[in-house]
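In what follows, a single structure is set out as structure tokens and then discussed.
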Amino acid sequence: MIPYFDAHCDTVSRCLQSGALLRRNHLQLDLIRDRSFARRAQTFALFHNGANPPPDGMWAQCRRLYDRFCRETAENADLVARCFTGAQIDEAVSAGKTAALLSIEGAELLECRIELVDTVAAWGVKLLNLTWNHRNLLSGSNREDPEQGLTEEGRSFVQALESRGIYADVSHLSDAGFWDLAHMAKRPIVASHSNARSVCRHSRNLTDDQFRAIRDLGGVVGLNFCPAFVAENGPSLDDLVHHAEHFLALGGEKTLCIGGDLDGCEPAAMGIGGTEDVPRLYKALAARGYEASLLEDLFWNNLRRLF
Ligand SMILES: [Zn+2]
């Protein structure tokens, strides 16, 4: 059995949309399947596409997503524990439970309102993506206004995140926003689910310089299973391994982690139907000769260190 600490999934949104339950479902991740890992921790993202806001607004939707997360974790307290700190993660894992952490994918879920940062910090949010695919008040994104960096509001928002112990997450951010953030950051920054642009040329992936900047700030980068970010044509498990090897070659032994984007993409082409297939990635890396201690860092320690 392998350890598996993952930085990003969209399962809570799927549960809210479809009525699926976190305990056991036909999605890509559930608590019963988590039992087949030696240790299991998952950052659950709250996500809603800002191009299609509900009538009562994005903040109302964010609270519905949070309520769903609370309900799923409370109703399954035999299998999962909400965690705010590293010590709580260790405690949950010792008790044989999934350690559940919280993130928010896109500041538009807070309607970019800085005064709500305190509220989500109190919820235990640990990572927050400044943007999803759309530009917002804080910055351009990788897809919209990629030349637009952090606005004044964006800079203030980052300071508010840092002061409340929330890591700014650069996955989906514009390149210009990335560099503005990297230059002002006083704490590590995170790319929870982003691959290498040198391996697969996609604006959602990180350049080598961006990866090095995250490494030098003490942050982490989560390997993403989403086919479009793995290879342009016919992505395979080998292609995914190639991203990991590329990051490792950039000195990423303490930077690389897993951020599979499960329930946010369809990685079946790589033989990954859900968490049950994550050991295939571990075995493919082990087959390349990487030592168990390095794999322990990738699949657990590098993310655990942040909390
Ligand atoms: Zn995403």
Those residues at least two apart in sequence (or on a different chain) that pass salt bridge (charged side-chain N to carboxylate O under 4.0 Å, His left out) with Arg113 are Glu111, Glu115
side-chain hydrogen bond (donor to acceptor under 3.5 Å, both in side chains), paired with His172, selected from Thr131, Asn133, Asn129: Asn133
Side-chain atoms of residues 230-241: list all donor-acceptor pairs with protein atoms under 3.5 Å, sequence neighbours left out, distances to 0.1 Å.
from: Ser236; atom 1: OG; to: Asp238; atom 2: N; distance (Å): 3.3
from: Ser236; atom 1: OG; to: Asp239; atom 2: N; distance (Å): 3.2
from: Ser236; atom 1: OG; to: Asp239; atom 2: OD2; distance (Å): 3.2
from: Asp239; atom 1: OD2; to: Ser236; atom 2: N; distance (Å): 2.9

Within 6.0 Å of CD in Glu253, more than 12 heavy atoms from elsewhere: yes
Do Gln17 and His48 have a side chain donor and acceptor closer than 3.5 Å? no
Ion pair Asp34/Arg39, N-O distance below 4.0 Å: no
Pairing of Asp90 and Arg304 as salt bridge, 4.0 angstrom limit: yes
Does Arg143 have more than 12 heavy atoms from other residues, nucleotides or ligands lying within 6.0 Å of its CZ? no
Run the side-chain contact (heavy atoms from CB on, under 4.5 Å) test on Phe44 and Leu65 for me, step by step, so that the C-alpha distance in whole Å, both residues' side-chain angles and the decisive distance to 0.1 Å come before the verdict. CA-CA 10 Å; Phe44 290 91; Leu65 287 158; over 6 Å; no
List the residues meeting ring pair (Phe, Tyr, Trp, His ring centres under 6.0 Å) with His202, not counting sequence neighbours, and say none if there are none. Phe229
Sequence neighbours excluded - ring pair (Phe, Tyr, Trp, His ring centres under 6.0 Å) pairs with any residue from residues 237-271: Phe211-Phe247
Can Arg40 be said to sit on top of Phe37's aromatic six-ring, NZ or CZ under 6.0 Å from centre and within 45° of the ring axis? yes
Ignoring hydrogens and geometry beyond distance, is a side-chain donor-acceptor pair present between Arg204 and Asn142 at under 3.5 Å? no
Residues Asp30 and Arg23 bridged, charged N to O under 4.0 Å: no
Tell me if a side-chain donor or acceptor on Asn224 pairs with a main-chain N or O of His193 at a distance below 3.5 Å. yes
My understanding is that a hydrophobic cluster links ILVMFWY residues whose side chain heavy atoms are under 4.5 Å apart, including indirect links. Using that, what else belongs to the cluster containing Phe5? Ile89, Val93, Leu101, Leu127, Tyr167, Val190, Val220, Trp300, Leu303, Leu306, Phe307
Picking from Val170, Leu217, Leu138, what satisfies side-chain contact (heavy atoms from CB on, under 4.5 Å) with Leu181? Val170
Pair Gln210-Asp175, side-chain donor/acceptor within less than 3.5 Å: yes
Between Tyr4 and Gln42, is any side-chain donor less than 3.5 angstrom from a side-chain acceptor? no
Any donor-acceptor pair under 3.5 Å linking the side-chain atoms of Ser103 with those of Thr43? no
Applying salt bridge (charged side-chain N to carboxylate O under 4.0 Å, His left out) to Glu276 and not counting sequence neighbours gives Arg33
